Amino acid sequence: QVQLVESGGGSVQAGGSLRLSCAAPGYTYASMYSMAWFRQAPGKEREGVATIYNGGRTIVCSDSVKGRFTISQGSAKNTVYLQMNSLKPEDTAMYFCAAAYRTLYPLDPAYYEHWGQGTLVTVSS
């Protein structure tokens, strides 16, 4: 059973940066799992942001954040990060960390089996 706990959310001005962290105690075999960040704004569907898999060697980002956000893992593979730069008001959302044993489409939330509680990011103009 994978437990995920997010942290690092907060309120920033447009153009600012935040780094989100996801602690995953019990995550043992990194090559077997995809780790991902999703987000959901009020009244909108959950959206895939970025995912990392193949032991951290493969990364996929959504078009909406490409060039601004970076996903990475700690050396112990039990923490995943989302570095968010050049934040925009439309990035405001609850951000969730998730893990999947395997996926057909890496940014499809339907394939993810384990979810954190979320951390709130608010970007003001």
Side-chain angles (χ1 to χ4, degrees):
Q1 184 73 22
V2 178
Q3 293 179 298
L4 306 175
V5 181
E6 304 98 332
S7 63
S11 181
V12 298
Q13 295 182 4
S17 298
L18 286 172
R19 188 180 73 162
L20 307 184
S21 298
C22 174
Y27 182 60
T28 304
Y29 302 104
S31 63
M32 296 182 181
Y33 292 89
S34 297
M35 302 294 296
W37 288 96
F38 294 84
R39 65 186 182 185
Q40 188 166 23
K44 301 183 68 176
E45 293 185 339
R46 188 163 296 188
E47 173 191 15
V49 176
T51 183
I52 185 166
Y53 56 99
N54 288 336
R57 295 184 293 272
T58 304
I59 291 171
V60 178
C61 294
S62 70
D63 290 339
S64 63
V65 306
K66 194 169 297 181
R68 299 188 297 120
F69 292 8
T70 302
I71 189 170
S72 62
Q73 285 183 305
S75 59
K77 306 297 183 182
N78 63 349
T79 305
V80 63
Y81 304 98
L82 185 67
Q83 179 66 47
M84 304 185 294
N85 298 326
S86 301
L87 283 161
K88 304 174 181 179
E90 54 261 43
D91 295 319
T92 295
M94 186 72 73
Y95 283 71
F96 298 90
C97 180
Y101 180 70
R102 62 181 297 168
T103 67
L104 182 60
Y105 301 105
L107 292 178
D108 185 345
Y111 290 94
Y112 286 79
E113 301 170 310
H114 309 283
W115 293 83
Q117 292 293 108
T119 186
L120 182 63
V121 171
T122 302
V123 185
S124 63
S125 60

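These numbers come from a predicted model, not from an experiment. The chain is numbered in sequence order, starting from 1.
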**Q** Might you point out which heavy atoms bring Ala14 and Ser125 nearest each other, and give the distance in Å?
**A**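 For Ala14 versus Ser125, the nearest heavy atoms are CB-CA, 4.3 Å.
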**Q** Following the transitive rule for hydrophobic clusters with a side-chain heavy-atom cut-off under 4.5 Å over Ile, Leu, Val, Met, Phe, Trp and Tyr, establish whether Val60 and Tyr81 coincide in one cluster.
**A**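 No; Tyr81 is not reachable from Val60 via cluster members.
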**Q** Quick one: do Leu18 and Leu4 end up in the same hydrophobic cluster if we chain Ile, Leu, Val, Met, Phe, Trp and Tyr together by side-chain heavy atoms under 4.5 Å apart?
**A**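 Yes; Leu4 is reachable from Leu18 via cluster members.
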**Q** For the pair Thr119 and Phe96, evaluate side-chain contact (heavy atoms from CB on, under 4.5 Å) and give the outcome as yes or no after the intermediate values.
**A** CA-CA 7 Å; Thr119 186; Phe96 298 90; over 6 Å; no
**Q** Taking the side chain from Asp108 and the backbone from Ala110, do they hold a donor-acceptor pair closer than 3.5 Å?
**A**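 A pair under 3.5 Å: yes.
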**Q** So Val5 and Gln117, side-chain contact (heavy atoms from CB on, under 4.5 Å) or not? Walk me through it.
**A** CA-CA 7 Å; Val5 181; Gln117 292 293 108; over 6 Å; no
**Q** Nearest 0.5 angstrom please: Leu82 CG to Cys22 SG, how far?
**A**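 It comes to 10.5 Å.
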**Q** Treating Gln40 as the side-chain partner and Glu45 as the backbone partner, does any N or O pair qualify as donor plus acceptor under 3.5 Å?
**A**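 Checked: no pair found.
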**Q** May I ask you to say whether Lys88 pairs ionically with Asp91, meaning some side-chain N is under 4.0 Å from a carboxylate O?
**A**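 Answer for the salt bridge query: no.
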**Q** Check Thr103 against Pro106 and note the closest heavy-atom contact, atom names and distance.
**A**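 Looking at all heavy atoms of both residues, the closest pair is OG1-CA, 3.5 Å.
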**Q** If you apply the rule side-chain contact (heavy atoms from CB on, under 4.5 Å), what do you find for Ser86 with Phe69, and how did you get there?
**A** CA-CA 8 Å; Ser86 301; Phe69 292 8; over 6 Å; no
**Q** What I want to check is whether the side chains of Ser21 and Glu6 have a donor and an acceptor closer together than 3.5 Å.
**A**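 Glu6 and Ser21 do not have a side-chain donor-acceptor pair below 3.5 Å.
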**Q** Classify the side-chain pair Tyr95/Arg39 by whether it contains a donor and acceptor separated by less than 3.5 Å.
**A**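 Indeed, the side chains of Tyr95 and Arg39 share at least one donor-acceptor pair under 3.5 Å.
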**Q** So among Val65, Val49, Leu20, Ile52, which one has a side chain to side chain contact (heavy atoms under 4.5 Å, CB included) with Ile71?
**A**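 Among Val65, Val49, Leu20, Ile52, the one that satisfies the side chain to side chain contact (heavy atoms under 4.5 Å, CB included) with Ile71 is Ile52.
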**Q** Do the non-hydrogen side-chain atoms of Glu47 and Ser64 ever get within less than 4.5 Å of each other?
**A**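 They are in contact (side-chain heavy atoms under 4.5 Å apart), so the answer is yes.
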**Q** Over 60° means perpendicular and under 30° means parallel, so tell me whether Phe38 and Trp115 are parallel, tilted or perpendicular.
**A**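 Tilted: the ring planes of Phe38 and Trp115 meet at 30° to 60°.
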**Q** Any chance you could measure Arg68, atom CZ, to Gln83, atom CD, to the nearest 0.5 Å?
**A**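 Answer for the CZ-CD pair, Arg68 versus Gln83, is 12.0 Å.
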**Q** For a quick check under 3.5 Å, do Tyr112 and Thr51 share a side-chain donor-acceptor pair by atom type?
**A**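 Present: a donor and an acceptor within the cut-off.
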**Q** Please report the interatomic distance CZ(Arg19) to OG(Ser17), rounded to the nearest 0.5 Å.
**A**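 Rounded to the nearest 0.5 Å, the CZ-OG separation comes out at 12.0 Å.
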**Q** Can you check whether Val123's main-chain N or O pairs, donor with acceptor, with Thr92's side chain at less than 3.5 Å?
**A**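 At least one qualifying donor-acceptor pair exists.
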**Q** Might you work through the side-chain contact (heavy atoms from CB on, under 4.5 Å) test for Met35 and Cys97, ending with a clear yes or no?
**A** CA-CA 7 Å; Met35 302 294 296; Cys97 180; 4.1 Å; yes
